[in-house]
Amino acid sequence: MDQAEVAALKAMMEWEGQRNAPPAGFPALPDLPAGRYTSPEYFALEQAHIFRKAWLFAAHIDEIPEPGCFMRWDNAGEPLIIVHGMDGEVRAFYNTCRHRGAPVVTVDRGKSPRLMCGYHNWTYKTDGTLVGVPETRDFLNLDLTCRSLIGVRCERFGNVVFVNFDDNAVPLLEWLGPLAEEWAEFGFDRVRLAARHSFDLKCNWKVAMEANMEVYHVPFIHPDTVAPLVDSKRNFNTLYPHGHARMLAPPPPQTNREHVRAIDSPPEWQQIETVGELGRTCTQSYTLFPNWVSPLSSYFIPPLVFWPTSLTTTRLELVTMALDWGDGPAPDLWTVPDASQPNGRAMSSIIQEDTQFGEAIQRSMESSGFRSVPLSYQEARIYYFHQNCDAMIGAERIPAELRVEPVLDQAWVWPRDPRRESVLAG
């Protein structure tokens, strides 16, 4: 990020801290319909059109580090295999044998130059090609070239692997848009996978995710953890194409820097030396539509990824990526050791603070007292997220009482922004 852009963003954060109302011309945000969190019909539309069309985080290359390595992945409701091919390419396939539908892979991870279905030993190369069928004499006109594993779009951003079920989806880099350029300084091609743990939450996935898409709640829920890092008054949000967004905020003016360092920059962690001034001095958190939220800093890339498992349940993945830690303990921003948990980890205090109300909120939302959701200017990222959910589903498919009005038009989406034009011109 060049110095002119750094200066502009600093000016915008200061403007946010001094304003007494939303910016001139900013649209009033209509209430979100309550049913978006409780309707089985809307949930089915999300599954069919959002999670089948968007680029989704699947893996880190460390999980399949060498040719022949593979892993199972089914976070989006479809059983896949992510494979590091013998030719060096990373691919994704449905974990479904082309014979009678048995899973080709039945272990979470492994390594083999061939993938063999255990049911009848149909065998595939790591590029998905069917190369072995027992008793071929009993099959008439079986063309092996037509029976390869069915692939799913699979592309990488640095060391991070994404999948997309839509054959016609735009390429990953086009989907990321300006985020790809902004993220270049954070070393996505150099960070290792330090930790990846999952936890089940008893609430709709949007309830869980939206707790991480605004800082309105920070002074009240996070007084000792996040509040020392983030000045919620000087929080500046940017909306990007495809539903992505960024929150940028400096620390409070009187913050205790030693306290901050103890929270977000442990001395044993390596700094990513290419990170610029804002990444070193401010908190910036990105929403990568549809289900990834991540602060990025000079010490880590720690996405929180929200997977709907039913209308009222969510699997939260807590991931930490960082530079090589050598012989020391692997960095883990989001979880702490806990022998009582199935994976030996428990959510950190910050995550517990964000998730503590999820189940109660979900129960409350299902009551007759929950009618709609009014959102403030500070919560525009959430409204924009909902707008893009409807855009991906197609408004014509959504019952009128569940739709969101698209009031945040292109005038407020990067690279346009009336706020910047006004503040920087004046």
Side-chain angles (χ1 to χ4, degrees), residues 51-139 141-173 175-176 188-194 196 198 303 305 307 317 319 321 324:
F51 286 89
R52 298 290 299 181
K53 297 178 183 177
W55 283 100
L56 306 172
F57 166 69
H60 186 283
I61 195 64
D62 283 357
E63 296 175 282
I64 45 170
E66 300 173 348
C69 290
F70 62 85
M71 62 179 284
R72 291 195 298 182
W73 187 86
D74 63 356
N75 282 343
E78 296 272 10
L80 300 186
I81 320 167
I82 313 295
V83 184
H84 192 151
M86 298 304 293
D87 59 359
E89 291 294 318
V90 175
R91 299 178 177 87
F93 304 101
Y94 287 98
N95 188 16
T96 305
C97 182
R98 297 301 305 280
H99 178 214
R100 285 168 58 189
V104 177
V105 166
T106 57
V107 294
D108 288 339
R109 286 182 177 80
K111 184 178 180 182
S112 173
R114 294 286 188 270
L115 302 172
M116 181 184 292
C117 174
Y119 196 8
H120 297 97
N121 280 22
W122 280 38
T123 303
Y124 304 85
K125 294 172 63 176
T126 56
D127 66 0
T129 305
L130 178 62
V131 292
V133 175
E135 303 294 345
T136 53
R137 64 180 182 170
D138 289 333
F139 289 90
N141 303 319
L142 178 64
D143 184 352
L144 272 62
T145 66
C146 297
R147 305 288 177 173
S148 298
L149 292 175
I150 295 176
V152 171
R153 293 280 298 279
C154 182
E155 297 180 20
R156 288 171 59 180
F157 183 74
N159 289 333
V160 184
V161 180
F162 291 83
V163 296
N164 193 316
F165 293 96
D166 183 1
D167 289 339
N168 298 315
V170 301
L172 175 61
L173 281 181
W175 175 256
L176 292 173
F188 274 76
D189 58 343
R190 290 178 287 139
V191 291
R192 294 185 56 199
L193 179 64
R196 183 176 185 178
S198 298
V305 192
W307 300 104
E317 279 200 299
V319 183
M321 297 179 247
D324 196 334

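Since the structure is predicted, the reported quantities are computational estimates derived from the model, not experimental observations. Positions are given from 1, in the same order as the sequence printed here.
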Kindly give the heavy-atom pair with the smallest separation between Tyr94 and Phe165, and that separation in Å. OH-CD2, 3.5 Å
Ile61 versus Val161, closest heavy-atom pair with distance: N-CG2, 4.5 Å
Partner residues of Glu89 under the salt bridge (charged side-chain N to carboxylate O under 4.0 Å, His left out) criterion, sequence neighbours left out: none
Please list, chain by chain and in numerical order, all residues satisfying ring-ring contact (aromatic ring centres under 6.0 Å, His included) with Phe51, sequence neighbours excluded. Trp205
Can any side-chain N or O of [X] pair as donor or acceptor with the backbone N or O of [Y] at less than 3.5 Å?
| X | Y | result |
| --- | --- | --- |
| Thr123 | Asn121 | yes |
| Trp55 | Val170 | yes |
| Arg98 | Ser148 | yes |
| Asn159 | His60 | no |
| Thr126 | Pro113 | no |

What donor-acceptor contacts under 3.5 angstrom involve side-chain atoms of residues 101-110, with partners at least two apart or in another chain?
unit_1	atom_1	unit_2	atom_2	d
Asp108	OD1	Arg72	NE	3.4
Asp108	OD1	Arg72	NH2	2.9
Arg109	NH2	Glu63	OE2	2.6

List for me each residue that meets side chain to side chain donor-acceptor pair (under 3.5 Å) alongside Asp87, sequence neighbours excluded, and say none if there are none. Arg91
Using side chain to side chain donor-acceptor pair (under 3.5 Å) as the criterion, list what pairs up with Arg153, not counting sequence neighbours. Glu155
So salt bridge (charged side-chain N to carboxylate O under 4.0 Å, His left out) across residues 156-173, not counting sequence neighbours, yields none
Quickly, which of Leu80, Leu149, Asp74, Ile81 forms a side chain to side chain contact (heavy atoms under 4.5 Å, CB included) with Asn95? Name it, please. Ile81
State whether the number of non-hydrogen atoms from other residues, nucleotides or ligands found under 6.0 Å of Lys125 atom NZ is greater than 12. no
